[in-house]
There are 2 protein chains.
Amino acid sequence: MRQITAGQGTVTNQHYNVKTFHSTNSVGYLLKVSHAQMLARAEAIFAPNGISFVQWMALLKLSEGQAQTASDLCRAMCHDNGAVTRMLDQLEERGYVTRQRSVQDRRVVELALTAAGEQQVAALKPQFVEALNGLMDGFSKAEFAELTRLLNKLLLALQTKGLAGAEG
Amino acid sequence: MRQITAGQGTVTNQHYNVKTFHSTNSVGYLLKVSHAQMLARAEAIFAPNGISFVQWMALLKLSEGQAQTASDLCRAMCHDNGAVTRMLDQLEERGYVTRQRSVQDRRVVELALTAAGEQQVAALKPQFVEALNGLMDGFSKAEFAELTRLLNKLLLALQTKGLAGAEG
DNA sequence: ATACAATAGTTGCCGAAGCAGACATTGATG
DNA sequence: CATCAATGTCTGCTTCGGCAACTATTGTAT
């Protein structure tokens with residue numbers, strides 16, 4: 001007999017029902033497809049500039065001060081450790097990022113954007129913002145705000161509870 | 001001079017602004033991270049049953065009648081052609097799916113779920129639904145409905161317009 | 001009937017991501 | 001001081017998805 005739990009307590013809101021469940025209604029599926037579509041479009045924008053979406057996002061995170069080290073990037077971008085290392089290899093090779101061992105904690109490699117890196121962020125940000133605006137053009141201000149809020153709420157739920165049943 | 005267009009017309013709703021834009025506000029970023037998190041959790045659920053999330057989703061699509069052929073699956077799941085072929089190899093090898101050349105159109109391969117495939121869908125659906133419910137427990141009925149609606153709206157926008165700037 | 005485009009499926013190739021293991025370093029504990 | 005867990009980074013291995021090329025088949029146009 002399965003116990004329906006989700007981290008802290010019992011499930012009260014039964015949004016989905018086994019009888020009526022349909023794949024196209026699943027939030028997971030919607031996220032998967034919309035993310036895939038959006039990523040493809042984003043790559044199409046960045047590709048002509050010789051940079052991938054994740055690479056640019058890494059530069060952006062650095063530019064925003066959300067990350068100073070590789071570990072920071074991993075956490076901030078929800079990205080694999082090894083993948084980040086290899087990505088930084090490429091970004092360093094292309095002269096967008098510099099790596100320097102920290103003197104306080106010699107495990108840490110401090111990351112810094114070069115002028116070229118800053119420029120790449122600044123150059124592509126308008127394109128990216130514009131593309132997002134174009135995509136969301138059919139959304140009212142309220143809808144846009146609500147979507148952003150709900151996605152953030154979902155993200156918070158994912159980080160705190162995760163999906164129930166995984167530990168059963 | 002860049003023209004701000006998005007498929008059919010000029011952008012009117014400037015949800016994002018280059019000056020105030022921040023990565024954590026970007027819908028693309030939110031989708032990326034929440035999808036990654038959710039996928040990871042889903043895999044954790046399916047892994048003990050020796051099946052991946054995409055594999056199970058394929059079985060589900062077949063079970064729902066959303067797909068009869070490999071091409072159908074590609075479109076329905078927004079998945080690569082070759083990847084689907086190889087996935088079907090595995091599913092067939094494990095006895096979840098049968099492939100049979102169509103006699104009407106001998107290019108197509110008709111897919112069918114085996115009893116084991118049906119059983120796998122039926123067995124894991126409750127777990128999946130329950131996990132989703134647990135995750136969305138903090139969402140009110142209205143919030144849940146709105147999130148679903150907005151994601152579907154986003155998906156529609158992606159499929160019709162795509163991201164502006166890609167063709168520029 | 002022939003030629004050509006379009007579609008369905010398969011395969012090889014490449015790049016990227018996830019995972020595990022290794023190494024160095026730090027901090028805490030005995 | 002010795003030990004050990006924890007953290008940060010890097011590397012090898014494996015898997016998987018996207019892309020392109022190829023074959024086979026169908027439909028269409030000349």
Side-chain angles (χ1 to χ4, degrees), chain A residues 32-33 35-47 50-58 62 67-94 97-112 166, chain B residues 32-33 35-47 50-58 62 67-94 97-112 166:
Chain A
K32 167 185 161 39
V33 178
H35 170 250
Q37 293 267 3
M38 189 166 249
L39 182 62
R41 311 289 182 155
E43 297 292 7
I45 293 179
F46 289 120
I51 193 171
S52 74
F53 174 65
V54 275
Q55 287 172 339
W56 186 76
M57 185 59 73
L62 289 174
Q68 278 85 33
T69 71
S71 291
D72 290 345
L73 273 182
C74 293
R75 283 185 291 264
M77 297 178 63
C78 190
H79 216 62
D80 178 68
N81 229 318
V84 166
T85 292
R86 284 180 280 261
M87 180 176 59
L88 287 174
D89 291 342
Q90 294 181 7
L91 292 177
E92 188 181 24
E93 191 177 350
R94 296 183 201 180
V97 162
T98 58
R99 283 197 261 214
Q100 188 175 15
R101 280 281 166 191
S102 168
V103 286
Q104 287 85 6
D105 185 342
R106 292 185 40 222
R107 291 170 299 182
V108 174
V109 174
E110 290 165 348
L111 303 175
Chain B
K32 167 185 160 41
V33 179
H35 169 252
Q37 293 268 3
M38 189 165 249
L39 182 62
R41 311 290 182 154
E43 298 291 8
I45 292 179
F46 289 119
I51 194 172
S52 75
F53 175 65
V54 275
Q55 288 172 338
W56 186 77
M57 186 59 73
L62 289 174
Q68 278 85 33
T69 71
S71 290
D72 291 345
L73 273 182
C74 294
R75 285 184 290 262
M77 297 178 63
C78 189
H79 216 62
D80 179 68
N81 230 318
V84 166
T85 293
R86 283 180 281 261
M87 181 174 60
L88 287 174
D89 290 342
Q90 295 180 6
L91 292 177
E92 189 180 24
E93 192 177 350
R94 296 181 199 180
V97 162
T98 59
R99 282 197 261 212
Q100 190 175 14
R101 280 281 165 194
S102 168
V103 286
Q104 288 84 6
D105 187 342
R106 293 184 42 223
R107 289 170 299 182
V108 311
V109 173
E110 290 165 350
L111 302 175

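Just so we're clear, the structure is a prediction, and the values are computed from it rather than from any experiment. Throughout, a chain's letter reflects where its sequence line sits, starting with A, and its residues are numbered from 1.
One atom, CZ of B:Arg101, and another, C1' of C:dG9, lie 6 Å apart when rounded to the nearest Å. Atom CG in B:Leu39 sits about 9 Å away from atom P in C:dG18, given to the nearest Å. Atom CG of A:Leu73 is separated from atom P of D:dC10 by 11 Å (rounded to the nearest Å). Atom CD of B:Glu92 and atom P of C:dG9 are 13 Å apart (whole Å). In this entry the distance linking CG of A:Asp72 with C1' of D:dG8 reads 10 Å, nearest Å. Taking atom CG of residue A:Asp105 and atom C1' of nucleotide C:dG27, one finds them 10 Å apart after rounding to whole Å. The interatomic distance linking A:Leu111 (CG) with D:dT9 (P) rounds to 7 Å, in whole Å. One can place CG of A:Asp89 at 7 Å from P of D:dT11, the figure rounded to the nearest angstrom.
Projected onto DNA chain C by closest heavy-atom contact, A:Gln104 and A:Gly82 fall at different nucleotides, the more 5' of which corresponds to A:Gly82.
B:Gln55 is listed as a side-chain neighbour of B:Leu91, based on a closest heavy-atom distance under 4.5 Å.
OP1 or OP2 of D:dG8 has at least one side-chain nitrogen or oxygen of A:Arg75 nearer than 4.0 Å. Using a 4.0 Å cut-off, some side-chain N or O of B:Arg106 falls inside it from OP1 or OP2 of D:dT25. Residue B:Ser71 has a polar side-chain atom (N or O) positioned under 4.0 Å from OP1 or OP2 of C:dG9.
Here the straight-line distance linking atom NZ of B:Lys32 with atom CD of B:Gln37 works out to 10.0 Å at 0.5 Å rounding. Note that the SG atom of A:Cys78 and the NE2 atom of B:His35 stand 11.0 Å from one another [nearest 0.5 Å]. Atom CE of residue B:Met57 and atom CG of residue B:Leu62 lie 12.0 Å apart, to the nearest 0.5 angstrom.
For the pair A:Arg94 (side chain) and A:Ile51 (backbone), a donor-acceptor distance under 3.5 Å is absent. Counting only distance, with no hydrogens or angles, the side chain of A:Glu43 and the backbone of A:Phe53 share a donor-acceptor pair below 3.5 Å. Judged by distance alone, the side chain of B:Arg101 and the main-chain N or O of B:Arg107 form a donor-acceptor pair under 3.5 Å.
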When you compare the protein's N or O atoms with those of nucleotides 14-17 of chain D, which come within less than 3.5 Å of each other, and at what distance?
from	atom 1	to	atom 2	distance (Å)
D:dG17	OP1	B:His79	NE2	3.3

